[in-house]
2 protein chains.
Amino acid sequence: MLSRACEYGVKAVICLTIASREDRIKSIGDISRNIQTPEAFTAKVLQKLVRAGLVNSIKGKNGGFYINKEKAENLKLWDVVQIIDGDDLRYRCLLGLSNCSNAKPCPVHESYKTIREDLVRFLKRTEIKILSDRVIRGESILKIETILRTN
Amino acid sequence: MLSRACEYGVKAVICLTIASREDRIKSIGDISRNIQTPEAFTAKVLQKLVRAGLVNSIKGKNGGFYINKEKAENLKLWDVVQIIDGDDLRYRCLLGLSNCSNAKPCPVHESYKTIREDLVRFLKRTEIKILSDRVIRGESILKIETILRTN
DNA sequence: TCTTAATCGGACAATTTTGTCCGATTAAGA
DNA sequence: TCTTAATCGGACAAAATTGTCCGATTAAGA
Ligand code: FES
Ligand code: FES
């Protein structure tokens, strides 16, 4: 459904949105630990989001990634998905016909179109901010908690 | 959404369902030409469907692949998708958490669950037979028609 | 019986996706 | 000013997916 890269990107952005409440900057080590994803690969994804202007970064010591409070208020799931995965979800034919259209439709076109529109509508409506609030309230998680043992 | 292998599988099964109306057997060359997919790769996919019992095959000269009329009447899109792609679509967490559950949900779990259920319900309801009828009636296509020129 | 044409399966190749490493650059702070 | 710690970008490596090739087997039909 979403590529790994995209999954990591969404989780990272949720993580940064949480940090944005206190105007915090987070290093990639920090982030990948928080969301339990491979560090270097997640860094690549974040760099793509930086180039797209969705995330900000500061180089040098004490640097890292962050999102402005105001920007964080308005981000939708779709914003991240589109940057990382493009708009295949939006436009691709379920059977892979080169262009999905009403003119020359594949046999599932009519019914699948509805499903696909629902999915995209969901992505466009879902606010990252609200997702991050859920994590803060402990209603949902971004990674499997590791049990800390004191031997 | 669907893997290439799965796209090819669905198209091949629709093609065989059309052939089943006249109890026809089709060779892989025949099929891949009909649905415009790489021959050897499509063959692998069909072999998987044969092993799963969804498609039948006959070896030797005049052999090929076919589906029984009665079986063709009852096949759903989901039957093919599940054999080729497994049930990731059904169970996988949108953010890739190792087990999607109500107990430890990711931040999108509640809303995504609905979308995912709609998608699976669509796949489970959609009858291959009906899709094949649409192709026969010329309402939809399985490949881009190539313009035949007589030079 | 022999030739021909088909599936089957395994090995292999190419491509894409995922993941790692490292040197260059940048900036903070001792 | 020097050390340290961070992002950036490019090259590389590993794994998964997609795609090809070929020999073995099978059966039809001449
Ligand atoms: S043409 Fe296949 S989904 Fe639109
Ligand atoms: S836990 Fe993420 S979709 Fe269910």
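Side chains included, hydrogens not; waters and symmetry mates left out as well; all remaining heavy atoms used. Each chain gets a letter, A, B and so on, in the order the sequences are listed, and its residues count up from 1.
The local environment of CZ in R21(A) is sparse, with at most 12 non-hydrogen atoms from other residues, nucleotides or ligands closer than 6.0 Å. For K69(A), the NZ atom is densely surrounded, since the number of other residues' heavy atoms within 6.0 Å is greater than 12.
Whole-Å rounding puts the D85(A) CG to dT16(C) P distance at 16 Å. Going from atom CG of N56(A) over to atom P of dA6(D) covers 18 Å, rounded to whole Å. In this structure, CD1 of I28(B) is placed 10 Å from P of dC8(C), rounded to the nearest angstrom. Per the geometry, NZ belonging to K44(B) stands 8 Å off P belonging to dG10(C), to the nearest Å. Distance K59(A) NZ to dT4(D) C1': 16 Å, rounded to the nearest Å. Nucleotide dA30(C) holds its P atom 10 Å from the CG atom of N62(A), rounded to whole Å. One interatomic measurement links the two molecules: CZ of R51(B) to P of dT7(C), which rounds to 14 Å at whole-angstrom precision. When rounded to the nearest whole Å, the span between CG of D88(B) and C1' of dT17(D) equals 14 Å.
Ranked by how close their nearest DNA chain C nucleotide is to the 5' end, A40(A) and V50(B) are led by V50(B). Looking at which nucleotide of DNA chain D each of K61(A) and K61(B) is closest to, the 5′-most match is held by K61(A).
Of all nucleotides present, only dC2(C) satisfies the Watson-Crick or G-U wobble test against dG29(D), with each distance under 3.5 Å. When both distances must be under 3.5 Å, the Watson-Crick or G-U wobble mate of dT15(C) is dA16(D). Using N1 to N3 plus N6-O4 or O6-N4 for Watson-Crick, or N1-O2 and O6-N3 for G-U wobble, each under 3.5 Å, dG23(D) pairs with dC8(C).
Listed pair S57(B) / dC8(C) meets the phosphate criterion, a side-chain N or O lying under 4.0 Å from OP1 or OP2.
With dT18(C), dT7(C), dT20(C) as the candidates, the nucleotide lying closest to the side chain of S3(A) is dT18(C). Listed nucleotides dG19(C), dT7(C), dG9(D) differ in distance to Y8(A); the shortest reach to its side chain belongs to dG19(C). Of the candidates dT20(C), dG19(D), dT7(D), dT20(C) carries the atom nearest the F41(A) side chain, counting heavy atoms from C-beta on. Of the candidate nucleotides dC8(D), dT7(C), dT18(D), dC8(D) has the atom lying nearest to any side-chain atom of Q47(A).
Side-chain contact check for T42(B) and T37(B): at least one donor-acceptor pair (N or O, by modelled atom type) lies under 3.5 Å.
Remark: side-chain polar atoms of D85(B) are paired, donor with acceptor, to backbone N or O of S3(B) under 3.5 angstrom.
Within 4.0 Å of I58(A), counting heavy atoms only, lie sugar-phosphate atoms of the nucleic acid but no base atom. At the heavy-atom level, G60(A) lies under 4.0 Å from base atoms of the strands shown.
The one candidate from I84(A), I83(A), I128(A) that meets the side-chain contact (heavy atoms from CB on, under 4.5 Å) condition with L54(A) is I83(A).
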